[in-house]
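Before any comments, here is the structure.
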Amino acid sequence: MTKQSSSVLIVGSDEMPFKGGAQMSSQDRFWAIYSTLRERIALLDYPPGAKLSESDLAKEFGVSRTPLRSALNRLEAEGLVESRHGVGTFVTILDMDELREVYQLRKELSGLLSQFSPNEPTLEMIERVQQIRLDCEKVRDAANPRRAFAKCNIELFLTLSELVSNRALCEITERLFYRTARMWPALTSDNEIIAEAEVFKSEIDDVLRTLEAGDLDAMAFIRRAHISLAFTRLEQYCASKPG
């Protein structure tokens, strides 16, 4: 589960992760490196197949290779990077068959959102979802529509994750989400992602209605449907491409 503090990167921010890092604990430093690298992978700042230089990253973050390698080891366990002996660490290549299985599991787990004594939605949460919808409207005119859409997708997931009180469920769903989040910017064109953003706005409207009503059973139902339909659309986008 992503950890945050006043001195670590807030996912979705464009700020450097180690502002005030000298006062960070080793645990905070680990989470800052890990969450920063994970977000960069999800946003295609590091595309599939990219090699990650440990020396360059250690220099950027101002740390030794030990905490950096700890973060890379966790990302490898989560299927986002792979270490090749004597060669280096690389962002994993997308595999549609594997990702289809991950999506299927995400779909089933989303139905558990309303179980295990979920947290009640707050006004602040609703306002954040409203802001995500506004940000989604800006995807069409963004310099990089696919990256802008991916950020909206991440922000909505993280916001709704706050409803889940069961820590194990929250950690599992977060790991699975980041296995699939980069599929959208990686496998679609700008025009396709602009069309997807229109669908996403409608889905956010569904989410807002259930949040405002405090109906988390309905929320779980529609999130399951949204995840299922989203992967179906993604497969259609991929099937329409030549070759």
Side-chain angles (χ1 to χ4, degrees), residues 1-4 10-12 35 38-39 42 78-80 96-137 139 149-185 187-188 193 195-237:
M1 207 179 306
T2 302
K3 307 294 183 185
Q4 298 175 350
I10 302 300
V11 175
S35 61
R38 185 178 65 170
E39 184 185 50
E78 295 177 357
L80 296 179
M96 283 296 289
D97 289 335
E98 176 188 350
L99 294 172
R100 184 179 296 107
E101 293 180 354
V102 175
Y103 249 99
Q104 289 170 345
L105 184 53
R106 280 189 61 204
K107 179 178 69 174
E108 297 308 320
L109 289 177
S110 67
L112 300 177
L113 184 150
S114 61
Q115 307 300 313
F116 309 113
S117 302
N119 299 318
E120 291 296 321
T122 64
L123 177 60
E124 190 265 345
M125 179 184 293
I126 292 171
E127 290 174 345
R128 279 160 53 197
V129 174
Q130 291 170 337
Q131 182 59 53
I132 294 167
R133 192 191 188 287
L134 292 175
D135 291 341
C136 198
E137 291 178 351
V139 168
F149 176 84
K151 292 188 75 170
C152 291
N153 189 31
I154 291 171
E155 288 295 338
L156 183 65
F157 170 80
L158 292 176
T159 299
L160 297 183
S161 291
E162 295 176 15
L163 295 169
V164 183
S165 63
N166 184 286
R167 292 177 62 85
L169 178 60
C170 192
E171 182 171 350
I172 292 169
T173 55
E174 186 172 313
R175 290 180 63 166
L176 294 175
F177 170 79
Y178 278 97
R179 287 280 292 275
T180 60
R182 60 192 174 129
M183 296 175 68
W184 289 102
L187 300 177
T188 58
I193 212 67
E196 185 62 26
E198 291 299 313
V199 177
F200 196 54
K201 286 192 296 184
S202 177
E203 293 181 345
I204 293 174
D205 288 337
D206 291 341
V207 167
L208 281 169
R209 281 191 287 271
T210 59
L211 285 177
E212 290 164 352
D215 190 343
L216 297 187
D217 285 330
M219 165 74 76
F221 177 81
I222 66 168
R223 286 297 288 164
R224 187 181 187 280
H226 289 169
I227 290 171
S228 180
L229 291 169
F231 190 77
T232 297
R233 292 193 301 273
L234 187 62
E235 287 189 304
Q236 291 171 345
Y237 290 141

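The structure presented is a predicted model; accordingly, all values stated were derived computationally and were not measured. Heavy atoms only: backbone and side chains are in, while hydrogens, waters and symmetry mates are out.
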Fill in: Residue pairs fulfilling side-chain hydrogen bond (donor to acceptor under 3.5 Å, both in side chains) with at least one residue in residues 110-119, sequence neighbours excluded
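Output for this query lists S114-D217.
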
Between [atom1] on residue [X] and [atom2] on residue [Y], distance to nearest 0.5 Å:
X: I126; Y: Q131; atom1: CD1; atom2: CD; result: 14.5 Å
X: D206; Y: R223; atom1: CG; atom2: CZ; result: 10.5 Å
X: I193; Y: W184; atom1: CD1; atom2: CH2; result: 6.0 Å
X: I204; Y: K201; atom1: CD1; atom2: NZ; result: 9.0 Å
X: N153; Y: R182; atom1: CG; atom2: CZ; result: 14.0 Å

Within a strict 4.5 Å, meaning less than it, do heavy atoms of the [X] and [Y] side chains meet?
X: L216; Y: T210; result: no
X: F231; Y: T180; result: no
X: E196; Y: T188; result: no
X: D135; Y: K151; result: no
X: Y178; Y: I154; result: yes

Fill in: For E203, salt bridge (charged side-chain N to carboxylate O under 4.0 Å, His left out) partners two or more places apart
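Applying salt bridge (charged side-chain N to carboxylate O under 4.0 Å, His left out) to E203 gives R233.
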
List for me each residue that meets ring pair (Phe, Tyr, Trp, His ring centres under 6.0 Å) alongside Y237, sequence neighbours excluded, and say none if there are none.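 Here no residue qualifies.
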
Test ring pair (Phe, Tyr, Trp, His ring centres under 6.0 Å) applied to F177 - qualifying residues, sequence neighbours left out =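 Here the qualifying residues are F157.
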
Looking only at heavy atoms, which two atoms of [X] and [Y] are closest? And how far apart?
X: E78; Y: R179; value: O-CD, 2.5 Å
X: V102; Y: L176; value: CG1-O, 3.6 Å
X: P185; Y: A42; value: CG-O, 3.7 Å
X: L160; Y: L211; value: CD2-CD1, 4.2 Å
X: L169; Y: L109; value: CD1-CD2, 4.2 Å
X: M219; Y: L113; value: CG-CD2, 3.7 Å

Practice task
Apply side-chain hydrogen bond (donor to acceptor under 3.5 Å, both in side chains) to E124 and list each qualifying residue two or more places apart in sequence or on a separate chain.
Solution key: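 So E124 forms a side-chain hydrogen bond (donor to acceptor under 3.5 Å, both in side chains) with R128.
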
Exercise. Using side-chain hydrogen bond (donor to acceptor under 3.5 Å, both in side chains) as the criterion, list what pairs up with R133, not counting sequence neighbours.
Key: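 If we apply the side-chain hydrogen bond (donor to acceptor under 3.5 Å, both in side chains) test to R133, skipping adjacent residues, the hits are E137, D205.
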
Worksheet entry | Cation-pi geometry met for R106 and Y103 (6.0 Å, 45°) |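 The answer is yes; both the distance and angle limits are met.
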
inquiry  = Please check: side-chain N/O of T232 versus main-chain N/O of S228, any donor-acceptor pairing under 3.5 Å?
reply    =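 Judged by distance alone, yes, a pair lies under 3.5 Å.
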
